[in-house]
**Student:** 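What follows is a single structure, and I will ask about it in a moment.
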Amino acid sequence: MPQQVQRAPLLDHLRPDFAEHASLEAIRAQYERAQAQADLWADRARDLFLLLCQRETQTSTEETRP
């Protein structure tokens, strides 16, 4: 009987069959893809934050004008 892989709670986002059977190359490929997507989302979040700061500054400047 094959031994079950013990999964840490942090691995709950992975499909159990992938975590148990994936090759090193498959894991690396999925990691690199996920990291690239995370980088894109981080860039988008930063851009949105900068836009938010810009709009808040504009709004507060407009409110303080006589």
Side-chain angles (χ1 to χ4, degrees):
M1 179 176 246
Q3 189 176 23
Q4 288 278 342
V5 173
Q6 292 294 325
R7 294 177 39 199
L10 296 176
L11 300 179
D12 286 345
H13 294 94
L14 301 177
R15 288 189 339 261
D17 60 323
F18 179 82
E20 190 171 342
H21 301 291
S23 68
L24 181 60
E25 293 80 19
I27 295 168
R28 186 179 316 280
Q30 288 293 313
Y31 164 74
E32 289 173 353
R33 181 174 179 237
Q35 187 62 52
Q37 288 181 327
D39 291 344
L40 289 173
W41 279 105
D43 290 345
R44 184 170 186 207
R46 185 191 64 243
D47 290 346
L48 288 167
F49 176 74
L50 293 173
L51 179 61
L52 176 65
C53 291
Q54 180 184 25
R55 294 287 171 87
E56 287 177 337
T57 301
Q58 287 174 351
T59 301
S60 64
T61 302
E62 291 170 359
E63 290 174 353
T64 59
R65 286 186 184 161

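The shown structure was predicted, so the numbers you read here are calculated from the model rather than taken from an experiment.
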**Student:** First locate atom OG of Ser23, then atom NE2 of His21, and finally report the distance between them rounded to the nearest 0.5 Å.
**Tutor:**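 Reported to 0.5 Å precision, the distance equals 12.5 Å.
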**Student:** Whether Asp47 and Arg44 form a salt bridge (side-chain N of Lys/Arg under 4.0 Å from carboxylate O of Asp/Glu) is what I want to check.
**Tutor:**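 Asp47 and Arg44: not salt-bridged.
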**Student:** For the atom pair CD (Glu25) and CZ (Arg28), what is the distance rounded to the nearest 0.5 Å?
**Tutor:**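 Glu25 atom CD to Arg28 atom CZ measures 7.5 Å (nearest 0.5 Å).
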**Student:** Roughly how far apart are Glu20 CD and Leu14 CG, rounded to 0.5 Å?
**Tutor:**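 Those atoms lie 12.5 Å apart.
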**Student:** Please enumerate all residues that pass salt bridge (Lys or Arg N to Asp or Glu O under 4.0 Å) together with Arg33, with sequence neighbours excluded.
**Tutor:**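 Listed in chain order: nothing, the list is empty.
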**Student:** How many angstroms lie between CZ in Arg55 and CG in Leu48, if you round to the nearest 0.5 Å?
**Tutor:**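 If I round to the nearest 0.5 Å, the distance is 11.0 Å.
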**Student:** State, with a plain yes or no, whether a side-chain heavy atom of Leu51 is found less than 4.5 Å away from one of Gln54.
**Tutor:**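 Yes, their side chains come closer than 4.5 Å.
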